[in-house]
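Each remark here refers to the structure printed beneath this line.
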Amino acid sequence: MVETPEISLVAILPELALTVGAVVVLMVAVSSRRAATYLPWIAGLTVAATGAGLIAQYNDVAANGFSVSYAGMIVLDNQGIVIRTVMLAAIAVALLVGWRYVTGLGTRGGEALSLVFLSAVGFMLMASSIHFMLLFLGLEVGSISLYVLAALGQRAKRADEAAMKYFLLGSVASAIFLYGVALLYAGTGSLTYLGVFEFFSGDTLVFSDGLLSAGVALLFVGLLFKIAAAPFHSWAPDVYQGAPAGIVGYMGAAAKIGAIAALLRFVQVPFQSVIESIQVPLAAVAAFSVVLGTLYAIVQQDLRRVLAYSGVSHAGFLLMGIATGGVAEVQVLFYLATYVLVLVGAFGIVSLLEGSGSAGSPIENWKGLGRRSPFLAWSLTVFMLGMAGMPATAGFIGKFGIFTRAWSGDLEWLVIVGLLASVAAFFFYLRVVVAMFFEDGDGKTPKLGWPAGIGIGLTLVITVGLGLYPTPLLDVLTAALG
Amino acid sequence: MTLVQFLLLSSLLFSLGVYGLLARRNAVMILLSVELMLNAVNLNLVAFEAWIRDAFATGNVFAIFMITVAAAEVGIGLAIVILIFRNRATANVDDFELMRG
Amino acid sequence: MLATGRRMTLNDYLPALVMFLLAVGFVAVTLPLSRLISTRGPATPEKEAPYECGILPEVEPAQRFPVKFYLVAILFVIFDVEIIFLFAWAANFPELGWFGVTTVGIFTLFVLETLLYVWRRGALDWNVRRRARRFAAASPTPQALEDAA
């Protein structure tokens, strides 16, 4: 009889709720002719159950401290809970603003819903994983679901092209990531975060072994690809432009949450003692992403490509916070949370204007929206200012936190690069605002339904509310992550 | 057999995969090249495990999971290739240039 | 932790050897047997032709498989690969005990759920035309997508 690994249901409650939700959705979709009427209820129940699971986890950590289960593969701690809460918020807002996409797919709507849940399971597992194997499985479960979401029910040429590019480049990134894992395994003899940590802290000759440093580099490249950091961003503009508008915001957000969660853990546990060696490359990638994302976003003629390149620069800002290392990740998590919500909200507006299954969104289509639909135009303005980091929006607090953190972490040059890029970024963020309010055009007038209205309203409240009054959330985060 | 021989074989396979990825223009061949890369990693993991004498069999378990994931990836990849072929009667990646900028 | 590193001895391979002998024996017995009991006339040119009647084939049959078999093939690959997890369990069945049975049970439930889904969606339908119709009914037309947008 072997010793069974310790099973802790509470450690995987949110993932469990989402998995059950995904299974139920699929079964209902193929067994009931009136499946479409049940979908909103199942979706709501699943999100609620996931939230309940997160609360149970929070109580457990508050009572017992952090815990490790499943043979040292899953950790239950506050950082993981915060990231999963961000993920849940992204799902909730994405489903609200993208519900039209789900219903528009007809009987395929259940599949889209179930894929959204499954991808969230994968990326949530990345946040709680402390083993490279589970990290890989989470990454693949999430990514493969996203590949299907990008291609689902689409007959438009640009959508299938986006799906193909996303899939091919994504699987290459997975292969590179895996090669890195294999080399790391050979070098350290372990694939647990703790084992790698012990190996590095025992070794005085940091990164002496060429094979090992190549492995670590490949490992990071695989994850940097997922957050679309330059120079590994080539998929992002095409996917953001081509994939169905109703879901692409969630796709970008989910992949970023999962990979940032993994990178955070990387600098906290396995590579903590060699942070000096990886800091310079990470900071270089961060600076390159910020500069390249900003410059390319300025010359784009399509709002969705603008958002994609702004995503590249946001990946750079997030990396800026990660490159400093350390344990208290309040600033990075705050930045991540506000950015992904604004991203999902902004794409919600894009899908309202262009249609939820559409590809592309040229700036001309936005001209005159201020007259045709003031609410949406003002909402998009707030989101754009939030992404740019305008004071009184959550984006400003996030950027400020990241800059302070990097400045105190001896990365002053990076902060200066970031500040310059932030100023330049206002140019492309405001261009669509100018088009909406100061230029005449007779494009489509979007119809605003109540789910999308609630989703956009929620995002607005969060963006402005956290911008004006961020202290409660920051205090909670600081207390939780201490 | 020594570890170096396994490593040579696997890095050769990986390089072949990378070459195919860059040189091939047919989406199915690119898919095959990615599979080659994944299998090179599999070989690496199994060889490393035998070399380390890992008590937890991490390398083997990892390889098994990777085979499963690779199968799922091929399924999705072929589905997307067929979708594209139906839409535009080609699987040549050079023709995928509707989006530029 | 799961038990690992149990050294294999030659005795462990005995069941495999028996299986192999059984397989070889089955072929070795049935093939001559069928030849023995079947009647076999003289080989004529007509008999050797691919079709005994109708138009003579002028070109070789297509070497590529029609893409319609892709779905069945890829479903086979995926379900086939799931089995490797059962191998790992079967090899350590006694040591894993009820823990193993429960775990594999949950895993099998998920695989069955997938099978049920694939089946109900009609992906296992050999009648390719009917399958295509069902799929077309299940997926929206571009027009429907436009309307929903």
Side-chain angles (χ1 to χ4, degrees), chain A residues 71-72 131-134 136-137 139-141 143-145 147-148 150-151 154-168 170-172 174-183 185-192 195 211 237-239 241-242 296 299-302 305 309 359-360, chain B residues 3 7 10-11 14 17-18 21-22 27 30-31 33-49 51-54 56 58-59 61-66 68-70 72-77 79-88 91 93 95-101:
Chain A
H131 193 290
F132 285 99
M133 191 159 72
L134 190 66
F136 161 70
L137 283 178
L139 182 72
E140 285 300 301
V141 168
S143 306
I144 290 181
S145 309
Y147 303 149
V148 187
Q154 286 309 305
R155 295 179 181 180
K157 281 191 174 181
R158 277 202 280 196
D160 67 24
E161 182 175 324
M164 189 78 216
K165 281 182 178 163
Y166 192 32
F167 170 76
L168 279 183
S171 42
V172 172
S174 298
I176 289 173
F177 173 83
L178 283 169
Y179 207 76
V181 170
L183 293 181
Y185 180 51
T188 64
S190 172
L191 280 182
T192 59
L211 210 62
D238 289 353
V239 172
Q241 187 185 1
Y296 271 73
V299 297
Q300 297 305 317
Q301 297 303 321
D302 188 301
R305 290 183 85 86
Y309 279 111
Chain B
L3 180 69
L7 280 186
S10 99
S11 47
F14 197 83
V18 173
L21 191 79
L22 301 174
I30 294 180
L31 211 60
S33 306
V34 175
E35 288 306 302
L36 212 54
M37 289 162 75
L38 288 180
N39 280 316
V41 179
N42 261 344
L43 188 64
N44 250 351
L45 279 171
V46 176
F48 285 147
E49 189 204 304
W51 180 60
I52 299 171
R53 296 179 201 286
D54 189 338
F56 301 132
T58 319
V61 178
F62 207 132
I64 287 177
F65 275 115
M66 214 147 82
T68 327
V69 168
E73 245 181 27
V74 169
I76 301 300
I80 295 176
V81 171
I82 287 174
L83 178 78
I84 283 191
F85 198 79
R86 284 194 180 141
N87 274 350
R88 53 178 97 185
V93 287
D95 297 336
F96 302 168
E97 46 185 14
L98 287 174
M99 291 178 285
R100 279 287 142 95

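Residue numbers start from 1 in every chain, and the chains themselves are labelled A, B, ... in the order their sequence lines are given, proteins ahead of strands.
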Which answer fits Val18(B), side chain, backbone, both or neither, if we ask what part of it has an atom under 4.5 Å from a heavy atom of chain A? neither
Of Ser143(A), Ser171(A), Gly360(A), the largest count of non-hydrogen pairs under 4.5 angstrom with chain B goes to Ser171(A)
Do Leu31(B) and Leu168(A) have side-chain heavy atoms sitting under 4.5 Å apart? yes
Report yes if the side chains of Tyr185(A) and Phe62(B) come closer than 4.5 Å at any heavy-atom pair, otherwise no. no
On a heavy-atom basis, the closest approach of Ala186(A) and Trp51(B) is O-CZ3, 3.7 Å
Under a 4.5 Å cut-off applied to non-hydrogen side-chain atoms, are Ile80(B) and Asp160(A) in contact? no
In the structure I gave you, are the side-chain heavy atoms of Val81(B) and Met164(A) within less than 4.5 Å of one another anywhere? yes
Where on Phe167(A) is there a heavy atom nearer than 4.5 Å to chain B: the side chain, the backbone, both, or neither? side chain
What part of Leu21(B) gets within 4.5 angstrom of chain A, counting heavy atoms only: side chain, backbone, both, or neither? side chain
Can you tell which of Leu38(B), Ile52(B), Val61(B) has the highest number of heavy-atom pairs within less than 4.5 Å of chain A? Ile52(B)
Tell me, for Glu49(B) versus chain A, whether the close heavy atoms (under 4.5 Å) come from the side chain, the backbone, both or neither. both
Might you point out which heavy atoms bring Ser10(B) and Tyr179(A) nearest each other, and give the distance in Å? OG-OH, 4.0 Å
Under a 4.5 Å heavy-atom cutoff, which of Thr68(B), Val41(B), Ile76(B), Asn42(B) has the most pairs with chain A? Val41(B)
Non-hydrogen atoms of Leu45(B) and Ala182(A) that approach each other most closely: CD2-CA, 3.9 Å
Check each atom of Leu178(A) against the heavy atoms of chain B and say whether the ones under 4.5 Å are side chain, backbone, both or neither. both
Proximity breakdown for Ser33(B) and chain A, heavy-atom pairs closer than 4.5 Å: neither
If you tally heavy-atom pairs under 4.5 Å against chain B, which of Val141(A), Leu137(A), Leu191(A) wins? Leu137(A)
Phe136(A) ring center near Phe65(B) ring center (under 6.0 Å): no
